[in-house]
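Numbering starts at 1 and runs along the sequence shown. Quick caveat, the model's predicted, so the values are computed rather than measured. In each ligand, atom 1 is the first atom listed, and ligand 1 is the first ligand listed.
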Amino acid sequence: MPTVYDSIIIGAGHNGLVTAAYLARAGQKVLVLERRDLVGGCAVTEELWPGFKVSTASYVNSLFRPEIIRDLELKRHGFAMLPRSPSSFTPFPDGRYLLMGPDKEMTHREVSKFSKKDAEALPKYEAMLERVADFLEPTLVQTPPNPWSMAPGNLLALLKLGLGFKKLGTDGQKAIEILTGAANPILDRWFESEQVKATIATDAIIGAFATPSMPGTAYVLFHHVMGECDGVRGVWGYVRGGMGGLSNAIASAAKEKGAEIKTGTTVSHIVVKDNKATGVALADGTEYSAKRVISCLDATVTFLRLMDRKDLPADFVESVRNLDYASGSCKVNLALSEVPDFTCLPGNTPGPQHRGTIHLCPDRNYIEKAYDKAKYCYISDSPIIEATIPSSLDDTVAPKGKHVMSMFTQYFPYKLADDAGTLEENKKRYAERCIDIMTEYAPNFRKSVLNYQVLSPMDLERVYGLTGGNIMQGTMSLSSLSFMRPVPGYADYRTPVKGLYMCGAATHPGGGVMGACGYNAAREILRDS
Ligand SMILES: Cc1cc2nc3c(=O)[nH]c(=O)nc-3n(C[C@H](O)[C@H](O)[C@H](O)COP(=O)(O)OP(=O)(O)OC[C@H]3O[C@@H](n4cnc5c(N)ncnc54)[C@H](O)[C@@H]3O)c2cc1C
């Protein structure tokens, strides 16, 4: 008799692994099927060149939920964080620079160089965000209530949400602005220095095909001040050994609890009989049976590629078809012979300027101009660059004395104009331009580049299975959050097909290495079991 699993999880993204670990911990017989030869999805470490271990997609962590670290004993399974202080360094064309981070005195001193008023305002701005975070953060690990359901449990959850909002008092208006508004008006209200605003504004656009003047960007800004690193709120860090260090720890915990993980195994079809998911099929015809199937893939891949339309209600298919995957993110991963020696803060051994995120974005108009080209389907002439050098804190990811750098850049449109040239030409031109920009601030940079890899949105789709190259498995605008994620009426990790669930970033609370989607999905699945 072939094995019938309790649960089959499609995709060993970190969320799929979290779901697997919790279900296995509850005694289920779990099988995880992953297309690539390694686990982790967008949270992986790949040795791109001998000795250079690169977090090829996601590169910094703060959002990962502390309750999961505790429950799954991830530290025992090898997970370790390296907090960053300072957390950011912005060199400016006029030869000045700005360091910011968890060291409040240092940050005050640094911001004062540009504006004493802003140095006073910054802690108050952060305190405001923290009060709003106190309201929003607990909702990350809750299943969103369904406002269209009159079920008593739902009404109670809505009431609780309302009471939480009431507690915010006048900060409630600020919470709504953060959830719906543009980042610029908020930054203009709080700060006067363009250098401070530009440094914070780059956080507002990460992964969004938008500029800080556009509605919806304030939430992305907020997303990037949430979370914690080793118990310290708002601090981002590197995972020792690269982002794969986290995924491998979750996989190890899942396996210890009995979950089976098969890599190099692509699911080509979700088998549905009498409106119930009964297993999955691979391209070679192999079938695996299960009482339930759980997808860690985005909604488009799950429902439109792996399923027959006849197995889904037409209006549901229509909602999935209308999902927004706009993206302009491009990752350039590099191997370096030495760290960049910045003219404004010299040093060719790792110093404070190398430990955090290096923002290359002198002012917010620079962002608008970069976006202008991309909206007409051309790569930006001068991309916004957020560069990180994890080897400045982690001696396990590069050969001694050498370094790895991640450049998270925008904007590289998913669809190029007909006269824009080939994808490969654009990738080369774009990466070379990124290297030139860094060299303008650190003259040794170009000659320090030993090798590089470019991941355009098309590559993110091809390698990681992200529709449109959207790094969050779907945009994070208000109309795609909470009870509307992935589509209205199905935010409880269930789908129109019995026994078919979702557990990846396409669900609430969305993209980021949080583990919350997988954690919430496991809770709902166990509730049905
Ligand atoms: C370039 C980039 C940079 C980012 N930077 C950060 C960051 O610094 N910090 C942060 O918190 N977040 C970041 N993010 C977002 C974050 O990485 C993702 O939101 C998160 O990792 C998604 O995890 P997941 O488990 O939900 O899904 P995924 O990681 O998307 O996993 C899905 C898995 O399914 C597999 N798969 C696909 N199709 C099939 C199939 N047919 N059969 C079997 N398996 C299949 C894929 O190979 C993949 O392993 C970044 C994302 C990208 C792409």
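Near ligand 1, residues Ile10, Gly11, Gly13, His14, Asn15, Leu33, Glu34, Arg35, Arg36, Gly40, Gly41, Cys42, Ala57, Ser58, Tyr59, Val60, Leu63, Thr265, Thr266, Val267, Cys296, Leu297, Phe408, Tyr464, Leu466, Ile471, Gln473, Gly504, Ala505, Gly511, Gly512, Val513 each place a heavy atom inside the 4.0 Å sphere around the ligand atoms.
Proximity of the aromatic rings of Tyr325 and Tyr414 is defined here by a centroid distance below 6.0 angstrom, and this criterion is not met.
Looking at Thr507, Asp528, Thr495, Thr19 one by one, the single match for side chain to side chain donor-acceptor pair (under 3.5 Å) with Tyr501 turns out to be Asp528.
Counted by atom type alone, Arg485 and Ser480 present zero donor-acceptor pairs between their side chains at under 3.5 Å.
By the ring-ring contact (aromatic ring centres under 6.0 Å, His included) test, Phe408 is found to be paired with Tyr59, residues two or more places apart in sequence or in another chain being considered.
Annotation: cation-pi geometry not satisfied between Arg355 and Tyr238 (NZ/CZ under 6.0 angstrom from ring centroid, within 45° of ring axis).
Electrostatic pairing of Arg494 and Glu524 counts as a salt bridge here, judged by a charged N lying under 4.0 Å from a carboxylate O.
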